[in-house]
Engineer: 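Right, I'll just put the structure down here and ask away after.
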Amino acid sequence: MKRLGFLTGALLAAIVVFAFHQWRHVDDDDRLLAVLVDHCLPYVQNGDIPFQTVGRAPGVYDAVEVDAGLKNGGARLIYDLRFIGEWGETEGLYGPARFCSVRPTYGENTVPAFEVDPNGFVSRYSRLMKTFDPLLEPQSETLTNEGPVVFGWYRSDQSEAKGLRVVLTASVGVVSGVTMVKELP
């Protein structure tokens, strides 16, 4: 009887641990979504400082370069030092703009990209972009193994160099760079 009670308890504990892990599991699609929706978009739209709740500021021993041309901004190493998130104000083609980007650090023992589901990638992220603003889908939906493809979403009523712009650099199953820009009000 003790053995049956022990096995029942062990089985119940295993089920609880498995369910907790599934509930708490965060994948790179979730991280990329957070970069876009929780960090970069609020910054370029409203000036809310991004990446405050993730990562840390780069230190002197971190082998990463930050964009010295950005004003009123900053940088954070995020997601286990895999990426550097940068933000600030820059002179755009149409005047000052807010800029937010995430790119890989290429550090040792890091994956230099967000590993995402390649099936329906462009349409999945296009649906997300339409919730930001009426952004057009990229002209191409083709991801290849031959190298990265740059996908850009921008407003239909403005040129590709004005208004909210979102650019993702991707290959099959990976996104290696994110850039979001919008002119200052």
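Owing to the predicted nature of the structure, the values given are computational and were not obtained by experimental measurement. Just the heavy atoms: all of them, side chains too, but no hydrogens, waters or symmetry mates, feed the values below.
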Engineer: Angle between ring planes, F151 versus W153, binned at 30° and 60°: parallel, tilted or perpendicular?
Structural biologist: tilted
Engineer: Kindly indicate whether the side chain of L164, heavy atoms from C-beta on, has any atom under 4.5 Å from the side chain of V181.
Structural biologist: no
Engineer: Less than 4.0 Å between a side-chain N and a carboxylate O, is that true for R31 and D38?
Structural biologist: no
Engineer: If I take atom CG from residue L41 and atom CG from residue L128, how far apart are they, to the nearest 0.5 angstrom?
Structural biologist: 9.0 Å
Engineer: Within a strict 4.5 Å, meaning less than it, do heavy atoms of the V178 and F83 side chains meet?
Structural biologist: no
Engineer: Can any side-chain N or O of E89 pair as donor or acceptor with the backbone N or O of F99 at less than 3.5 Å?
Structural biologist: no
Engineer: Quick one: does any side-chain atom of T179 pair with a main-chain N or O of S101 as donor and acceptor, under 3.5 Å?
Structural biologist: no
Engineer: Can you find a pair of side-chain heavy atoms, one from V122 and one from S126, that are under 4.5 Å apart?
Structural biologist: yes
Engineer: Is there side-chain contact between Y79 and V102, with heavy atoms separated by less than 4.5 Å?
Structural biologist: no
Engineer: How about F51 and Y43: are their ring centres within less than 6.0 Å of each other?
Structural biologist: no
Engineer: Measure the shortest side-chain to side-chain distance between F121 and V116 over non-hydrogen atoms and say whether it is less than 4.5 angstrom.
Structural biologist: yes
Engineer: Any side-chain heavy atom of R82 within less than 4.5 Å of one from V111?
Structural biologist: yes
Engineer: Measure from the side-chain N and O atoms of D27 to the backbone N and O of D29, and report whether any donor-acceptor pair falls under 3.5 Å.
Structural biologist: yes
Engineer: Do any N or O atoms from the side chain of R124 and from the backbone of D117 form a donor-acceptor pair under 3.5 angstrom?
Structural biologist: yes
Engineer: Does the pair R165 and E183 meet the rule for a salt bridge (charged side-chain N to carboxylate O under 4.0 Å, His left out), with working shown?
Structural biologist: CA-CA 10 Å; R165 282 106 58 209; E183 282 72 34; 2.9 Å; yes
Engineer: Within this structure, what is the CD1-CZ distance for the pair I49 and R76, rounded to the nearest 0.5 Å?
Structural biologist: 11.0 Å
